[in-house]
Visitor: 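Here it is: the structure, laid out below.
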Amino acid sequence: MIIYDLIIMVSLNDVLEKVSHFYGSKYTNDIGNLYIELRNLKPQKCKNILTIEINAFKEVNDQFVYVDNFDENDDNLIFDVVAYSANDTEIYSIESADKIDFLSYIISFDTQRKYSKASILAHCLWDITSFSYNE
């Protein structure tokens, strides 16, 4: 499954509900606008198709510990979205991803197993927009 498939399957309201749950409602308009923009684009073949993986961590004694089995709505979790290529061992941030390429990114089977479709989109859309909130 690719990001575009999720955008077609999951409603904007479901995504924004998850964004609000995980990150608050301050930036839901920005994320909603990005969702609409992406929904109006069509994926194209890109040179370096990346695979998206979302990892969950919990803070324990001032350290972040990877969590494999969890409730995706646990408010004590911290989520990290990464992308990787089958061609190399590099891990990439998606925050500067080209929007057309992003639509073709594959969602890892492990991520699909652990998270709802709305949560996957919420974490990904937050990740590609959140860097601008810190400026």
Visitor: For side chain to side chain contact (heavy atoms under 4.5 Å, CB included), just list the numbers for Phe102 and Ile128, CA-CA rounded to whole Å, side-chain angles, deciding distance to a tenth of an Å, and then say yes or no.
Guide: CA-CA 10 Å; Phe102 174 68; Ile128 63 176; 3.9 Å; yes
Visitor: Nearest 0.5 Å please: distance from the CG atom of Asp30 over to the CH2 atom of Trp126.
Guide: 9.0 Å
Visitor: State, with a plain yes or no, whether a side-chain heavy atom of Leu103 is found less than 4.5 Å away from one of Leu41.
Guide: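 Yes, at least one pair of side-chain atoms sits under 4.5 Å.
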Visitor: Going by side chain to side chain contact (heavy atoms under 4.5 Å, CB included), name the residues that satisfy it together with Ile107, two or more places apart in sequence or in a different chain.
Guide: Met1, Ile3, Leu6, Thr111, Gln112, Ile120
Visitor: Which residues pass the side chain to side chain contact (heavy atoms under 4.5 Å, CB included) test with Leu16, not counting sequence neighbours?
Guide: Leu12, Thr28, Ile31
Visitor: Search all heavy atoms of Leu77 against all heavy atoms of Ala56 and return the closest pair with its distance.
Guide: CD1-CB, 4.4 Å
Visitor: Only counting residues at least two apart or in another chain, list the ones meeting side chain to side chain donor-acceptor pair (under 3.5 Å) with Asp5.
Guide: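 Not a single residue meets the side chain to side chain donor-acceptor pair (under 3.5 Å) criterion with Asp5.
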Visitor: Once you round to the nearest 0.5 Å, how far does OH of Tyr84 lie from CD1 of Ile106?
Guide: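 Result: 8.5 Å between the selected atoms.
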Visitor: Could you give all pairs that pass the salt bridge (charged side-chain N to carboxylate O under 4.0 Å, His left out) test and reach residues 11-23, with sequence neighbours left out?
Guide: Lys18-Glu72
Visitor: What residues, two or more places apart in sequence or in another chain, satisfy ring pair (Phe, Tyr, Trp, His ring centres under 6.0 Å) together with Phe22?
Guide: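 Result, ring pair (Phe, Tyr, Trp, His ring centres under 6.0 Å) vs Phe22: Phe79, His123.
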Visitor: My understanding is that only residues two or more places apart in sequence, or in another chain, count here; which of them pass side chain to side chain contact (heavy atoms under 4.5 Å, CB included) with Glu37?
Guide: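 Per chain and number, Glu37 pairs via side chain to side chain contact (heavy atoms under 4.5 Å, CB included) with Leu34, Lys99.
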Visitor: Provide the full list of salt bridge (charged side-chain N to carboxylate O under 4.0 Å, His left out) pairs with a residue in residues 100-115, sequence neighbours left out, each pair given once.
Guide: Asp68-Lys114, Asp110-Arg113, Asp110-Lys114
Visitor: Considering residues at least two apart in sequence or located in another chain, which fulfil the side chain to side chain donor-acceptor pair (under 3.5 Å) criterion with Lys42?
Guide: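 Applying side chain to side chain donor-acceptor pair (under 3.5 Å) to Lys42 gives Tyr4.
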Visitor: Could you tell me whether the side chain of Leu125 reaches within less than 4.5 Å of the side chain of Leu38, counting heavy atoms only?
Guide: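 Yes, their side chains come closer than 4.5 Å.
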Visitor: Which pair of heavy atoms, one from Cys124 and one from Ile94, lies closest together, and at what distance?
Guide: O-CD1, 3.7 Å
Visitor: Quick check for you: to the nearest 0.5 Å, what is the distance between Asp75 atom CG and Asn73 atom CG?
Guide: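 Going from the CG atom of Asp75 to the CG atom of Asn73 covers 8.0 Å.
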Visitor: When hydrophobic residues are tied together by side-chain contacts of less than 4.5 Å, even through go-betweens, does Ile49 share a cluster with Phe109?
Guide: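 No, it is not one cluster - the side chains of Ile49 and Phe109 are not joined through contacts under 4.5 Å.
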Visitor: Please find the pair of heavy atoms, one from Val10 and one from Arg39, that lie closest to each other, and give the distance.
Guide: O-NH1, 4.4 Å
Visitor: Would you mind listing the cluster partners of Phe64? Hydrophobic ones only (ILVMFWY), side-chain contacts under 4.5 Å, chaining allowed.
Guide: Phe57, Tyr66, Ile78
Visitor: Using the test ring pair (Phe, Tyr, Trp, His ring centres under 6.0 Å), find all partners of Phe70 that sit at least two apart in sequence or belong to another chain.
Guide: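 By the ring pair (Phe, Tyr, Trp, His ring centres under 6.0 Å) rule, Phe70 matches Tyr115.
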Visitor: With a 4.5 Å cut-off on side-chain heavy-atom distances among I, L, V, M, F, W and Y, is there a chain of contacts connecting Val67 to Val60?
Guide: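 In one cluster: no.
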Visitor: Any chance you could measure Ile2, atom CD1, to Tyr105, atom OH, to the nearest 0.5 Å?
Guide: 12.0 Å
Visitor: Partners of Asp71 by salt bridge (charged side-chain N to carboxylate O under 4.0 Å, His left out), sequence neighbours excluded?
Guide: none
